[in-house]
Amino acid sequence: MPDRSAAPDRSAAPGQRPPASGRTGASAAQPPRPARPSGGAGLAKPSAVLDQAHLGDIEGAFGRIKVTEEYQSGWRRRLVTFLAIVGPGLIVMVGDNDAGGVATYAQAGQDYGYSLLWVLLLLIPVLIVNQEMVVRLGAVTGVGHARLINERFGKFWGWFSVGDLFLLNFLTIVTEFIGISLAMSYFAVSPYISVPVAAVLLVGITASGSFRAWERAMFLFIGASIAFFIPLAFLVRPHVARIAHDFVVPGVHGGFSSAAVLLIIAIVGTTVAPWQLFFQQSNVIDKRITPRFIRYERADTGLGSLVVVGGAAIILVATVYAVRGTHLAGHFTDALGVAYAFGHKSSLLGAAFALTLLDASIIGAAAVTLSTSYAFGDVFNIKHSLHRKFKDAKAFYASYSAIVTLAAAIVLIPGTPLGLLTTAVQALAGVLLPSASLFLLLLCNDPEVLGPWVNPRWLNVVAAVIIGLLLMLSGTLVVTTVFPGLSSAAVAEWLSGGLVAGTGLAYGWVRLSQRWPNRGGATASARVAFTGMTMTERMNWRMPPLALLKPVEWSPGTKLGVLLLRGYLVVSVLLLIVKAVRLGT
């Protein structure tokens, strides 16, 4: 985080490890090129940054920060800096309230009233913890999430994680076009018109070759989204006392059935989706944010988390009003049905909900598709930056266009179960999230990757608790799918007890292993090497080239844990498909 003592950040000048590590890092691109004039001559040292376009001035929607600009204190200067930095955190969060999110929150309100509001409140720390870690990874390493997993954990785990991402992202993009078709159907516009037009718009915005133009377009849609929320927030006669109670007291209207657990997982999956990790890290890199600006990007992320949960709560509460006293309560079909329910109450509310769904679908499609293209560029080592023109990054933009076109085409196939597909995709995201969070946690504890920016111990504890809760939810779904006669609440209690006991045993094993020679010594010494760094050194430290990093050494326990998690997730995904088919029939 910026400090008055921090030296100006020069992306072409190398940030150095302390002498104890015996290695230097840099922020210049490969191959070496002349350094910026800074009082000395010579060549800049190579860095981990993979694309020359990821170096240079920060060009945000609301301002520009030059690489050579000196750090200045004062609240006005900080506000100007924040306005230039704001973007990746807010966009990733608002993009999370996409078509699937709007449909899932509406289903929660229609089928369970206010009783699931507590889930949204619990997701705020989950959002902040997960996304803050990717902010540090992006700013410090200059390398995308997919590339880091591939390089640090091997091609098997890299392709497993990226394979999950590509499949889940593509299905998510399909749901965005489902949202577009349903929203425009409310206004009697045929999907054969609205979907192709939206696809062309998305490609046109992204392929402009200007990061600033793309970000300004995203903020235009974000502003429209906030405007559409206004009537939904103030014209729905909410029961304030009941809402306040259900925000802080956990419970489920009608009890913890397997269907309720599936919906809770869907809420988690649509609010804290794996694609967010990949998107924000790559977008931070593409915006050229360095450690000097981590503090501002954290604020951007915190603001976004409040916006996404606030928007989700508005949709849920408004939907309760829309179906209250009608036969629609407890019988969710799809988002279009909810829009018609609003329309019966008020034409203004019906139009506002449909436009909210449309706007959310466009933002979500842009962010999720770009997340996929960023990962595509990372894995195949091709130029991947919004700063590049189409002719200079053809493979990057071609992959984006192909994904958009194919997803749009699938939505136009007659007979596609749109509502079921939307819910199933969000639940799938919830099931896969523990795996993505685990690799994120491992990367953020790797001193070779983050140096002085590795996780503090308290953050590891919080992240471990979050992963445990996610595993408990998905495990409850798995067990109740295999044994439908069991009580979901009882299963959740059993799994919670098992996770607590397992965590205790794992902690005991770690503490015991540290007493033996050569157990954890390399990591511990690597951490110690950064403890004496000044703030200036910390702000200028960047990850060295990937080829210079020492390989990761997993203990047998870590390997076994990761393998068990992967096996469990495969079983979970298969059973999730079974559950979705049962609900659909």
Side-chain angles (χ1 to χ4, degrees), residues 11-12 27-33 46-61 64 67 87-88 91-92 95 134 137-139 141-151 158-159 162 165-166 169-170 173 198-218 275 277-290 362-408 545-546:
S11 294
S27 297
Q30 297 174 318
R33 64 191 180 97
S47 80
V49 178
L50 301 175
D51 194 321
Q52 287 272 8
H54 293 157
L55 301 172
D57 299 342
I58 294 175
E59 299 176 0
R64 171 179 291 180
V67 171
I91 292 171
V92 74
V134 298
L137 281 174
T141 69
V143 177
H145 203 66
R147 185 61 177 267
L148 277 180
I149 293 175
N150 195 63
E151 293 287 341
W159 277 106
V162 173
L165 177 77
F166 286 166
N169 277 12
F170 179 74
I173 296 162
V200 172
L201 175 65
L202 285 167
V203 172
I205 291 173
T206 305
S208 64
S210 168
F211 186 96
R212 172 175 279 188
W214 175 85
E215 193 170 78
R216 283 177 172 172
M218 290 299 100
W275 70 263
L277 309 180
F278 292 81
F279 172 84
Q280 189 170 3
Q281 184 168 332
S282 292
N283 203 237
V284 163
I285 296 166
D286 208 6
K287 194 164 184 176
R288 302 162 176 169
I289 294 173
T290 62
I362 293 174
I363 297 174
V368 179
T369 308
L370 187 56
S371 167
T372 310
S373 295
Y374 276 143
F376 182 83
D378 276 333
V379 171
F380 294 102
N381 198 24
I382 62 174
K383 297 176 181 178
H384 53 291
S385 173
L386 293 174
H387 291 284
R388 293 188 179 276
K389 301 296 183 182
F390 186 90
K391 64 179 180 179
D392 196 28
K394 294 179 181 178
F396 172 65
Y397 290 117
S399 66
Y400 182 96
S401 303
I403 294 168
V404 167
T405 302
L406 185 57
L546 289 165

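Small disclaimer: the values here were computed from a predicted structure and weren't measured.
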Look at the aromatic rings of W275 and F279 and report parallel, tilted or perpendicular, splitting at 30° and 60°. perpendicular
Donor-acceptor pair, distance only, cut-off 3.5 Å: does the side chain of [X] make one with the backbone of [Y]?
{"X": "D286", "Y": "L386", "answer": "yes"}
{"X": "H384", "Y": "I382", "answer": "yes"}
{"X": "R288", "Y": "A53", "answer": "yes"}
{"X": "Y397", "Y": "K391", "answer": "no"}
{"X": "S208", "Y": "G204", "answer": "no"}

Hey, does [Y] have a side-chain heavy atom less than 4.5 Å from the side chain of [X]?
{"X": "F211", "Y": "E59", "answer": "no"}
{"X": "L165", "Y": "T372", "answer": "no"}
{"X": "I91", "Y": "W214", "answer": "yes"}

Is it the case that T206 and Y400 place a side-chain donor and acceptor less than 3.5 Å from each other? yes
Stepwise side-chain contact (heavy atoms from CB on, under 4.5 Å) test for H145 and D378: CA-CA 8 Å; H145 203 66; D378 276 333; 5.9 Å; no
When rounded to the nearest 0.5 angstrom, what distance separates [atom1] in [X] from [atom2] in [Y]?
{"X": "H54", "Y": "I289", "atom1": "NE2", "atom2": "CD1", "result": "12.0 Å"}
{"X": "T141", "Y": "L546", "atom1": "OG1", "atom2": "CG", "result": "8.0 Å"}
{"X": "F396", "Y": "Y374", "atom1": "CZ", "atom2": "OH", "result": "5.5 Å"}
{"X": "L370", "Y": "I403", "atom1": "CG", "atom2": "CD1", "result": "9.5 Å"}

Looking at [X] and [Y], what are the two nearest heavy atoms and their distance?
{"X": "V284", "Y": "G138", "value": "CG1-C, 4.0 Å"}
{"X": "V203", "Y": "S401", "value": "CG1-OG, 3.5 Å"}
{"X": "G144", "Y": "S282", "value": "CA-OG, 4.0 Å"}

Sequence neighbours excluded, every pair satisfying salt bridge (Lys or Arg N to Asp or Glu O under 4.0 Å) that has a member inside residues 203-218: E215-K287
Go through the steps to decide whether I362 and L202 satisfy the test side-chain contact (heavy atoms from CB on, under 4.5 Å), and finish with yes or no. CA-CA 7 Å; I362 293 174; L202 285 167; 4.0 Å; yes
Take L148 and L137 through the test side-chain contact (heavy atoms from CB on, under 4.5 Å) and record every step on the way to the result. CA-CA 9 Å; L148 277 180; L137 281 174; 4.1 Å; yes
Please confirm whether F380 and F376 have ring centers closer than 6.0 angstrom. yes
Intermediate values then yes/no, side-chain contact (heavy atoms from CB on, under 4.5 Å), R147 and N381: CA-CA 9 Å; R147 185 61 177 267; N381 198 24; 3.5 Å; yes
Side chain to side chain contact (heavy atoms under 4.5 Å, CB included) partners for A407, two or more places apart: F170, I173, V174, F177
